[in-house]
Amino acid sequence: MRLSGMATGMDIDQIVKDLMRAERMPLNKIVKKQSTLEWKMEDYREINLKLRTFSDSIFDTMMRSSVMKKRTVQSSNSDLITATASSNIGNTSFSISKVERLATSATNRSQGSIGTDITTTSTLSDIVKDDTKWESGGIRNERISLDAGETELSLKAKPKNSNDVVVKVNGKTMEVVSSVDGELKDNQVLVDADGNMTFKALSNKATVDVTYASDKAEKSFSYTAPAEGAKPKATFNVGVKNINDVVIRTKDGTVESTEYKVDEKTGQITFNDGSEPKEDITIEYKQKYTSAGVDTVNASGETVHARFLFTDSQSLDSVMKSFNDSNAGVNMFFDDHTGQISVTRKETGVYNTEPNGKEMTFFGSFMTETLKLDGDETAGSNAKFTVNGLETERRTNTFTISGMTVTLKDTFTEGKAVTLNASTDVDSVVDTVKEFVKQYNELLEHVNGKLTETRNRDFDPLTEEERDGLSDKEAERWEEKARAGHLRNDPLLRGSFDQMRQVLYQPVNTGTDTEFTHLSAIGITTSSDYMSRGKLEINEDKLRAAIEKDPDGVFDLFNADGETSGEQGIARRLRNSISTTVDSISKTAGGAGYAQNHQFAIGRELNDIDKRIKTFEMRLEQKEKRYWAQFTAMEAAVQRANNQGDMLMSQLMGNG
């Protein structure tokens with residue numbers, strides 16, 4: 001119990017606070033030391049971040065041949081031909097004297113309208129109204145894992161026939177066969193009448209997706225007892241539309257059809273009141289479906305199969321999406337003006353080299369009869385042109401010749417020859433080097449600023465109590481002065497950046513016959529202004545001349561890759577030096593690989609300060625308790641003395 005001046009009239013609370021303020025002064029010095037270390041750590045980490053950013057920039061620009069040896073191509077007629085060049089092409093040229101033919105894609109279209117009232121949202125039942133065109137059965141989907149070396153899998157139900165089975169292995173459609181002479185091919189799967197599948201052994205685990213038609217599909221529902229007072233579940237939905245021949249089974253047999261109603265259009269089954277199932281049920285049903293597909297040939301000469309099963313409830317839009325998303329490489333669209341389907345190969349050029357071979361072969365009566373895609377194909381063509389006197393062909397209008405990527409834009413005859421000249425993109429390389437120097441100078445300026453920043457020793461970090469006595473702006477200005485100069489003449493930074501400057505000035509032995517072995521040889525020198533403290537300057541005319549004369553020599557000056565430092569390019573040396581500096585700073589102030597306080601020097605100091613602060617605060621708490629105990633005892637003693645005085649006074653007055 002604390003007594004605060006009740007007997008003495010003294011402001012004990014303020015007296016104790018003043019005493020504790022004096023006792024806390026050594027602790028305030030420790031806390032300020034903690035703040036100073038934290039600021040110093042932040043300054044170090046800021047420099048490390050800038051170093052990493054600069055190092056990444058060097059790697060992405062100065063060390064990439066595609067940037068430092070960038071080529072540009074001048075076309076004598078960009079309306080006819082354009083081109084770009086890779087960095088290793090050299091200064092070369094091509095003359096294309098004639099483009100006889102551009103590459104085109106093979107196309108096929110409906111031989112007549114498939115319906116005057118058809119839209120992309122029309123269902124297949126609206127398009128195919130002849131029941132004889134439909135098959136009846138249940139469409140099932142299964143996903144099975146095939147282990148490496150495993151060759152056999154089994155379906156849960158028997159397929160109606162092999163034409164109604166679509167098998168994809170890791171997304172690639174397989175050719176389904178019912179018999180095979182000799183060994184299966186890599187893209188084949190054997191499916192027998194019982195639903196047993198045989199694959200050629202795979203070297204890795206695979207995911208097998210199978211869509212197939214069996215006599216019936218089914219969906220099972222688990223029985224759940226209704227809550228007290230609730231009605232039992234009476235409505236079930238199989239999740240597909242346009243169903244027929246519905247049969248519901250329980251473990252004891254078949255449910256009478258009079259006990260439920262079927263909405264064939266929506267696929268919903270509703271039980272009559274009192275007939276709701278009281279156990280697990282399985283709903284069997286059939287759908288109208290048709291099979292469809294297309295075969296194409298890829299660039300390797302292999303046949304690519306795309307196979308699908310479509311139900312009568314699907315839209316024409318979903319059919320087209322299935323084809324467009326397949327790996328067959330075709331684009332299908334419907335023109336509602338003509339009522340025709342058009343199918344085009346995504347790739348230009350000729351891929352099927354068989355005599356009169358088609359680029360697209362359609363399967364299923366839905367494709368050939370309903371969509372009327374059984375007419376003559378408009379063949380694709382290869383681009384045919386003459387380059388440097390050689391007549392040649394390409395499957396596409398954009399192709400690469402000896403490192404130059406050429407795009408043919410139109411045909412032309414002899415007499416309109418187009419010349420393509422590849423040369424160094426001097427402007428781009430100059431801009432890259434200028435940006436490198438700019439970033440280096442900005443980094444140097446920041447670090448030099450820290451090394452020369454004046455330390456304001458009259459401005460210590462603020463304690464919480466001191467901060468409360470200042471306005472926000474006053475506290476901000478104070479802290480700005482207090483934070484300055486903690487890295488002034490820092491030996492770690494000074495030594496590390498001296499080393500970085502040295503790697504810029506050392507000669508580079510590239511091992512090639514080039515005159516560019518120093519930065520000064522390409523117009524990059526150290527500023528003569530002493531106050532700039534090592535910043536680089538560029539003589540752009542000299543740099544441009546060097547790049548025009550020997551772009552490979554300039555690239556090697558920065559990127560030569562030798563075993564010794566003298567054989568390494570400046571960019572490589574600089575990145576190595578930056579890496580060493582970053583690691584040294586991280587060991588001092590933390591960073592990548594040094595995330596915990598005990599792993600770096602300042603962190604260990606902060607841990608030690610934390611312990612000292614906790615110990616000091618415990619002592620302060622004990623001292624405060626002792627002060628209060630002493631003042632409380634004094635108050636109690638004074639109160640007792642006052643009571644005795646009052647009692648004596650009372651007795652004396654009474655005797656008088």
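- Looking at Ser586 and Asn48, their side chains do bring a donor and an acceptor atom within 3.5 Å of each other.
- Evaluation of the salt bridge (Lys or Arg N to Asp or Glu O under 4.0 Å) rule for Lys434 yields Glu540 as partners, not counting sequence neighbours.
- The side-chain contact (heavy atoms from CB on, under 4.5 Å) test with Ile524 is passed by exactly one of Leu557, Ile570, Asn539, Leu536: Leu536.
- For the 3.5 Å distance criterion, the side chains of Ser75 and Thr82 fail to qualify, holding no donor opposite an acceptor.
- Classified by interplanar angle (parallel below 30°, tilted 30° to 60°, perpendicular above 60°), the ring pair Phe399/Phe385 is parallel.
- Between the side chains of Thr525 and Ser520, no donor-acceptor pair of N or O atoms lies under 3.5 Å.
- Residue pairs meeting the ring pair (Phe, Tyr, Trp, His ring centres under 6.0 Å) criterion with at least one partner in residues 564-586, sequence neighbours excluded, are absent.
- Ser527 and Glu537 form a side-chain donor-acceptor contact under 3.5 Å, judged by distance and modelled atom types alone.
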Could you give me the CA-CA distance, side-chain angles and deciding distance for Lys549 and Glu515, then say whether salt bridge (Lys or Arg N to Asp or Glu O under 4.0 Å) is met? CA-CA 10 Å; Lys549 181 178 181 180; Glu515 62 184 89; 2.5 Å; yes
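- For Lys29, there are no salt bridge (Lys or Arg N to Asp or Glu O under 4.0 Å) partners two or more places apart in sequence or in a different chain.
- Around CD of Gln74, the count of heavy atoms belonging to other residues, nucleotides or ligands within 6.0 Å does not exceed 12.
- Partners of Asp458 under the salt bridge (Lys or Arg N to Asp or Glu O under 4.0 Å) rule, at least two apart in sequence or in another chain, do not exist in this structure.
- Screening residues 486-500 for salt bridge (charged side-chain N to carboxylate O under 4.0 Å, His left out) gives Asp498-Arg501 as the qualifying pairs, with residues at least two apart or on separate chains.
- Side-chain polar atoms of Ser55 and Arg575 form a donor-acceptor pair below 3.5 angstrom.
- In this structure, Lys32 places its NZ atom where more than 12 heavy-atom neighbours from other residues, nucleotides or ligands lie under 6.0 Å away.
- Judged as a ring pair (Phe, Tyr, Trp, His ring centres under 6.0 Å), the pairs with a partner in residues 431-478 (not counting sequence neighbours) are, in order, Phe54-Phe436, Phe436-Phe558, Phe459-Trp478.
- Using modelled atom types and a 3.5 Å distance limit, the side chains of Glu435 and Gln439 yield a donor-acceptor pair.
- Residue pairs meeting the ring pair (Phe, Tyr, Trp, His ring centres under 6.0 Å) criterion with at least one partner in residues 573-598, sequence neighbours excluded, are absent.
- Qualifying ring pair (Phe, Tyr, Trp, His ring centres under 6.0 Å) partners for Phe323, counting only residues two or more places apart in sequence or in other chains: Phe308.
- The pair Glu347-Arg395 does not meet the salt-bridge criterion, since no charged nitrogen lies less than 4.0 angstrom from a carboxylate oxygen.
- Between Thr514 and Asp550, the side chains place a donor N or O and an acceptor N or O closer than 3.5 Å (distance only, hydrogens not considered).
- The two residues Ala417 and Ser97 have their closest heavy-atom pair at CB-CA, 3.8 Å.
- Checked against salt bridge (Lys or Arg N to Asp or Glu O under 4.0 Å), Arg101 has the following partners two or more places apart in sequence or in another chain: Glu393.
- Applying the salt bridge (charged side-chain N to carboxylate O under 4.0 Å, His left out) definition to pairs two or more places apart or across chains, those involving residues 56-75 are Asp60-Arg64, Lys69-Asp552.
- Qualifying ring pair (Phe, Tyr, Trp, His ring centres under 6.0 Å) partners for Tyr44, counting only residues two or more places apart in sequence or in other chains: none.
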Just list the side-chain donor-acceptor pairs under 3.5 Å for residues 608-623, sequence neighbours left out, or say none.
residue, atom, partner, partner atom, Å
Asp610, OD1, Gln34, NE2, 2.9
Thr615, OG1, Lys611, O, 2.9
Lys623, NZ, Glu23, OE1, 2.8

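- Note on Lys168 versus Asp209: no salt bridge recorded, every NZ/NE/NH1/NH2 to OD/OE distance being 4.0 Å or above.
- For Phe59, the CZ atom is loosely surrounded, since the number of other residues' heavy atoms within 6.0 Å does not exceed 12.
- Scanning all heavy atoms of the two residues, the minimum distance from Glu474 to Ser471 falls at OE1-N, 3.0 Å.
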